[in-house]
Q: 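Okay, here's the structure, questions in a sec.
All values reported here derive from a predicted model rather than from experimental measurement. Only this structure's heavy atoms are used, side chains among them; waters, hydrogens and symmetry mates stay out.
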Amino acid sequence: MQIIVIGAGAAGISAARHLLSRRPDLKVTILEAANRPGGRAWSVKPPALNGQAVDLGCGWFHGSRDNRWFALARELEYAIDETPAPWSDPTRRLALDANAEKKAQQALGDFFDRLHDYDASQGDSSWAEAVSPGEQWRSRFEMSSNMMNGASLKQSSIVDYQHYAPGRGPDLRTSNGYGSLISAAAAPLSIEYGTVVQTIDHRDRNEIRIVTNRGMMTAAAVIVTVSTTILATEGIKFLPALPGKTEAAAGLPLGKVNKLFLSLDSAGDLPVDGLYLGTHGEGGSVTYQLRPFGSSAIEVYFGGQLAEDMEKAGPEGAQNFASTDLAKLFGSSFPKRLSFAAMSGWCNDVNIGGGYSYAKPGEANQRQVLAESVDDRLFFAGEACSPRKFSTAHGAFETGVVAAEAIVKKCQSSPA
């Protein structure tokens, strides 16, 4: 029996692995449009950083005790760094004005309390609803939304925030690279790279026809793990059409996020894993993590509209922006110590189209709609389908397993 998985990201890989572990007699093939596995998990080793792995996509094992990828990292003996995440340790935060930063943190805590306590019984609203008129620290609240959602306060759902629960345990990481781990998990699987799915024809009750740029394939069941951008823009055509899926995906767009890695000359005078909050506001925000793993790198994280603006500006424009921002803290000569190492470009990646999903106000329930199967043979998985762990690689992992297990139960009495 042929099962097709569309997309070799975290969800697709976990789905295929689960299918084969439960039913090794099945023929499972992953169709991947890109030339590599991992999707939004991608580790690279820039020469400028002397081979240190950096993650252009997901980099932290959120909810590590409940994170299936973290468990696999332990199993494969990946190097786990136990250092607390910079954002969880106020002593590692660098600021131009320490007193102002302390007040901002207090205001931010109060803001998140309001989000948590918001009464959703009267309907959903945007994060902006929790901001008092004339709020002094609104730009800092925008930074949190830009970084967590890849979108502004006005664009982000309070109810979706209230649903978010990534799991137990601290945020941890591996110096081997999160993306490298997910790619390693894909190694034993049958993956056809450079295969762009154009149409999924599920009109015939006996088989599903998948039309690609390389020809047509048939399958008894299909698991679709592509991004909400691809679904919302009908990058894949379904026959018959699935307007409910298109609408659900449109309500769960991918936020705008990107990373830039800079190499730092003579890094010893800067703190390891120091965190600096740079430019921030409704138009986007940027944070700087200094010397992760004690390396000579600076990880620059753009969120919100600024992420797409920097992607369009390219490596030189992004580096100039970051250098100017860092000079505010470290002095006018600091940019001379920086050189380009690597940069992501998720917003305009034709196979993805953004970072991770957020719900528009009033659209949080669309996660459940997106995850529902069609005719018990067309299944959907991915971080956007996770009811509680959305925006995470381990949330994607879990949805892949759920979809795979549904197929296993469906074909228990069927011949392979």
Side-chain angles (χ1 to χ4, degrees), residues 5-13 30-42 55-59 145-152 155-157 160 179 182 193-200 212-213 223-238 242-243 245-260 284 301-314 318 343-360 363 366-367 369-371 380-386 390-393 395-396 399-400:
V5 178
I6 301 175
I13 291 168
I30 301 179
L31 306 182
E32 170 54 51
N35 60 3
R36 62 170 182 83
R40 286 165 276 173
W42 189 12
D55 281 303
L56 295 178
C58 55
S145 185
N146 286 328
M147 294 302 161
M148 294 175 65
N149 305 312
S152 69
Q155 296 171 308
S156 305
S157 159
D160 205 45
I182 294 176
Y193 295 107
T195 304
V196 180
V197 174
Q198 300 164 336
T199 304
I200 299 176
T212 79
N213 60 323
I223 301 177
V224 180
T225 72
V226 299
S227 74
T228 56
T229 299
I230 300 300
L231 293 174
T233 59
E234 298 185 277
I236 295 177
K237 183 179 181 180
F238 291 91
L242 299 175
K245 297 295 184 184
T246 304
E247 182 180 346
L252 303 167
L254 296 190
K256 298 175 180 179
V257 295
N258 269 310
K259 291 182 181 180
L260 165 69
Y301 193 93
F302 297 108
Q305 182 57 46
L306 183 62
E308 185 171 20
D309 292 345
M310 291 298 98
E311 187 172 326
K312 292 177 179 177
M343 184 177 175
S344 66
W346 300 115
C347 298
N348 294 298
D349 185 317
V350 296
N351 299 319
I352 298 174
Y356 35 76
S357 67
Y358 69 95
K360 295 179 180 179
E363 303 288 344
Q366 296 287 16
R367 297 194 183 280
V369 174
L370 190 64
F380 292 79
E383 55 85 12
C385 295
S386 176
F390 46 86
S391 81
T392 71
T399 65

Q: Just so I know, are the side chains of S357 and R367 near enough to count as touching, which here means a heavy-atom distance under 4.5 Å?
A: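 They are in contact (side-chain heavy atoms under 4.5 Å apart), so the answer is yes.
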Q: Run L31 and V5 through side chain to side chain contact (heavy atoms under 4.5 Å, CB included) and show every step you take.
A: CA-CA 6 Å; L31 306 182; V5 178; over 6 Å; no
Q: If you round to the nearest 0.5 Å, how far is NZ of K259 from CH2 of W346?
A: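 So the CH2 of W346 and the NZ of K259 are separated by 9.5 Å.
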Q: Take V226 and I236, measure what side chain to side chain contact (heavy atoms under 4.5 Å, CB included) needs, and give me the verdict at the end.
A: CA-CA 9 Å; V226 299; I236 295 177; 4.0 Å; yes
Q: With the side chain counted from C-beta on, respond yes when N149 and D160 share a heavy-atom pair under 4.5 Å apart, and no when they do not.
A: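 Counting from C-beta outward, N149 and D160 never come under 4.5 Å.
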Q: Looking at L260 and M343, what are the two nearest heavy atoms and their distance?
A: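 Reported closest heavy-atom pair: CD1-CB, 4.1 Å.
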Q: Please report the interatomic distance CD(E383) to OH(Y356), rounded to the nearest 0.5 Å.
A: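 Output value for this atom pair is 10.0 Å.
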Q: Output the distance between atom CD (E311) and atom CG (D349), rounded to the nearest 0.5 Å.
A: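 Here the interatomic distance stands at 8.5 Å.
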Q: With a 4.5 Å cut-off on side-chain heavy atoms, are E308 and N348 touching?
A: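 Answer yes - side chains close enough.
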Q: Can you name the nearest heavy-atom pair linking L254 to R40, along with the distance?
A: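 Answer, listing the atom of L254 first, then R40: CD2-NH1, 3.5 Å.
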Q: What pair of heavy atoms forms the shortest contact from A33 to V196, and how long is it?
A: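 Looks like CB-CG2, 3.9 Å.
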Q: On a heavy-atom basis, which atom in T246 and which in A232 lie closest, and how many Å separate them?
A: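 Nearest heavy atoms, T246 then A232: CG2-O, 3.6 Å.
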Q: Do the side chains of L370 and L231 get nearer than 4.5 Å, heavy atoms only?
A: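 L231 reaches L370 side chain to side chain.
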Q: Kindly compute the distance separating OG1 (T199) from CZ (F238), expressed to the nearest 0.5 Å.
A: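 The distance works out to 10.0 Å.
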Q: If I compare all heavy atoms of A393 with all of I182, which pair ends up nearest, and what's the gap?
A: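 Reported closest heavy-atom pair: CB-CD1, 4.2 Å.
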Q: When rounded to the nearest 0.5 angstrom, what distance separates CD in Q366 from CD in E247?
A: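 If I round to the nearest 0.5 Å, the distance is 5.5 Å.
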Q: Taking the side chain as every heavy atom from C-beta outward, state whether Y358 and P253 have any pair of such atoms under 4.5 Å apart.
A: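 Side-chain contact under 4.5 Å: yes.
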Q: Would you call I200 and I6 a side-chain contact if the rule is heavy atoms closer than 4.5 Å?
A: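 Heavy-atom side-chain distance check passes, below 4.5 Å.
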Q: To check you understand the geometry: which heavy-atom pair defines the closest contact between I352 and S227, and what is its length?
A: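 The pair with the smallest heavy-atom distance is O-OG, 2.7 Å.
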Q: Using atom types as modelled and distance alone, determine if a side-chain donor or acceptor of S344 lies under 3.5 Å from a backbone N or O of N258.
A: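 Not a single qualifying donor-acceptor pair exists.
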Q: Does S145 reach the main-chain N or O of A151 with its side chain, forming a donor-acceptor pair under 3.5 Å?
A: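 Yes, the answer is positive, given that a donor and an acceptor are paired below the 3.5 Å cut-off.
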Q: Ignoring hydrogens and angles, tell me if any N or O in the side chain of N213 forms a donor-acceptor pair with the backbone of G194 under 3.5 Å.
A: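 It does hold such a pair.
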Q: Give, for atom CG of L242 and atom CZ of F380, the distance between the pair rounded to the nearest 0.5 Å.
A: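 Those atoms lie 5.5 Å apart.
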